[in-house]
Amino acid sequence: MFDSISDKFSSIARSFSGRSKITEKNIQEAVEDIKVALLDADVNLRVVRRFINRTMEEATGETVLKSVNPGQQFIKIVYDRMVDLLGDQENQGLTLKGPDTTSVILLMGLQGSGKTTTAAKLALRLKKEGRRVMLVAADLVRPAAVLQLQVLGEQVGVPVHTEETKDPVKVAKSALKRAKKEQYDVMIVDTSGRMHLDEILMKEITRVSDVLKPDETLFVADAMTGQQAVTIAKEFESSVGISGVVLSKFDSDTRGGAALSLRSIVGKPIKFIGVGEKISDLDPFYPDRIASRILGMGDVVSLVEKAQETIDAEEAERMQKKMSKNTFDLQDYLDQLDRVNKMGSVDKILDMIPGAKGAVSEEDIDTSEMKREKAIIQSMTYAERENYRILGPTRRKRIARGSGTSVYDVNRLLKKFEKMRLMMKKVSRNKNYQAQMMKNLGL
Ligand code: GDP
């Protein structure tokens, strides 16, 4: 799922990430590409328009274009909008009653959408959570549905309530009575679907729903049906009312438009995704994870977020001034070391940058060296940090003792720092160099 759309997105993300300058025109072009990719993926036109307008609005603001890393900021905006499109940040789980009362989950959807399979998958999941589950076979239209549920129930290891009747309301009533009497925590009701929507089906399901007063009314949507799944979900929402969606066949090779449109159009959360035919193939739906997957960018987003937490444009500007005036001192250097530390371990940062793991070896970035340098600077007085030239042999010895290092280490740091300042002076009149330098320094 999402293969073509994520190819497109990741090529946009690649071309934007790390850019130190982008124009409004660049953004317009990228947004146009995104629009085409979304429409190609069969996303609802209204949803596409909303997505594009909001992205455009945010991305062309001053804060993005003038920020230190506008490319990454833009990707972050696209990602955030994508998460919004898919739902809230968090996974929306099931809302069921406490364990001593019987909760009811009603499943609805078209024939072949995956209701019966989903019923068994949910039963397994809830059983693993320690709940006592009973399945109810109220799909009395499809000839093999009852038997299919019985077989699946046996696999899961939960009872299946069946009855010799053609009236699903009757089944619902007696199942509810039985569940209460035998103290089941949850009963999951499989209802019948048709090949297409029809009045009779809707009326029948509404009657079943009136009897059961379900805690969760889940609409099972087949991801392979694309746009149609969205229309049908809306129909069910207005006739019966739904509390959430299970998107089945998420493992299939479809374009993903349904997944991207459902939440926006129907206004109900996608709670689970079916990822295969086995009864264990049901996953909670996490909008943020799926958005990362669609954007084909692994954890780049969390990296951008981390960088944003620790770096801001004003700070960078301040540094730039210091560099050009050659007043960059050891305190500034210490601040920078802290900033890198705040971003987490270097290993973790490397993990998050696609391709960096192989290209930059962990030895290239010596964390123990960073710790040592920090300790040395922290053992200095503020006057010393401001002006390293006052550091004579006695002071160096004191600092080495105070930081648990050697005079050799102190000298090495000072030499490195001196070189750094020299370099900064050299590049301070060259804007391009400066930008590169800021990047290297993590600013
Ligand atoms: P129902 O008519 O709505 O009860 O649909 P079924 O539960 O019988 O499912 C129809 C078909 O879709 C069956 O062959 C299932 O094995 C298959 N199916 C259901 N969910 C999934 C899924 O998440 N992934 C895949 N690959 N197949 C699924």
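Every number for a ligand or one of its atoms is a count from 1 in the order of the listing.
- Inclusion of D139 in the set of residues having an N or O under 3.5 Å from an N or O of ligand 1 is not warranted.
- The G274 neighbourhood of ligand 1 comprises atoms 23 (O), with distances under 4.0 Å to a heavy atom of that residue.
- Of the protein's non-hydrogen atoms, the one nearest atom 20 (N) of ligand 1 is K121 NZ, 3.9 Å.
- Polar contact check, Q111 against ligand 1: no nitrogen or oxygen pair lies under 3.5 Å apart.
- Between R142 and ligand 1, an N or O atom pair is found at a separation short of 3.5 Å.
- With F51 as the fixed residue, the side chain to side chain contact (heavy atoms under 4.5 Å, CB included) test singles out one of T55, V48, N53: T55.
- Under the 3.5 Å distance criterion, with hydrogens and angles disregarded, a donor-acceptor pair is assigned to the side chains of E163 and S174.
- The protein atom (non-hydrogen) at minimum distance from atom 27 (N) of ligand 1 is E277 CG, 3.3 Å.
- If you check which protein heavy atom lies closest to atom 26 (N) of ligand 1, you get D251 OD2, 2.8 Å.
- Annotation for ligand 1: atoms under 4.0 Å from non-hydrogen atoms of K115 are 1 (P), 3 (O), 4 (O), 5 (O), 7 (O).
- In this structure, atom 13 (C) of ligand 1 has its sub-4.0 angstrom surroundings free of protein heavy atoms.
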#### Entry: Stepwise side chain to side chain donor-acceptor pair (under 3.5 Å) check, T116 with D190
CA-CA 6 Å; T116 310; D190 181 25; 2.8 Å; yes
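- Shown in contact with L110 at under 4.0 Å from a heavy atom are these atoms of ligand 1, numbered in order with element: 3 (O).
- Taking every non-hydrogen atom of T117 and a distance limit under 4.0 Å, the qualifying atoms of ligand 1 come out as 6 (P), 7 (O), 9 (O), 15 (C), 19 (C).
- When hydrogens are left out, the protein atom nearest atom 11 (C) of ligand 1 is K249 NZ, 4.1 Å; that is the closest non-hydrogen contact.
- Ranking the protein heavy atoms by distance from atom 22 (C) of ligand 1 puts G276 O, 3.1 Å first.
- Those atoms of ligand 1 with a heavy atom of V275 less than 4.0 angstrom away are 23 (O).
- Looking from atom 8 (O) of ligand 1 to the surrounding protein, the closest heavy atom is Q148 NE2, 3.1 Å.
- A salt bridge is absent between E57 and R54; no separation between the charged side-chain nitrogens and carboxylate oxygens falls under 4.0 Å.
- Ion pairing of K97 with D215 is present here, as a side-chain N (NZ or NE/NH1/NH2) and a carboxylate O approach within less than 4.0 Å.
- Separation of atoms CD1 (I279) and OG1 (T118) is listed at 12.5 Å; rounding is to 0.5 Å.
- In summary, the side chains of S243 and E216 do present a donor paired with an acceptor at a separation below 3.5 Å, with no hydrogens or angles considered.
- Here S192 pairs with E204 under the side-chain hydrogen bond (donor to acceptor under 3.5 Å, both in side chains) rule; sequence neighbours left out.
- Nearest non-hydrogen protein atom to atom 2 (O) of ligand 1 is G112 N, 2.7 Å.
- Taking a 4.0 Å cut-off on heavy atoms, G109 fails to register as neighbouring ligand 1.
- Taking every heavy atom of G114 and a limit of under 4.0 angstrom, the matching atoms of ligand 1 come to 1 (P), 3 (O), 5 (O), 6 (P), 7 (O), 9 (O), 19 (C).
- Residues N26 and T23 bring a donor and an acceptor atom of their side chains to less than 3.5 Å of each other.
- Taking the six-membered ring wherever Trp is involved, the centroid distance between the rings of F219 and F236 falls below 6.0 Å.
- For the residue pair R46 / S264, no side-chain donor-acceptor distance below 3.5 Å is found, with atom types taken as modelled.
- At least one N or O atom of T116, backbone or side chain, sits closer than 3.5 Å to an N or O atom of ligand 1.
- A salt bridge between D84 and R81 is present, with a side-chain N of the basic residue lying under 4.0 Å from a carboxylate O of the acidic one.
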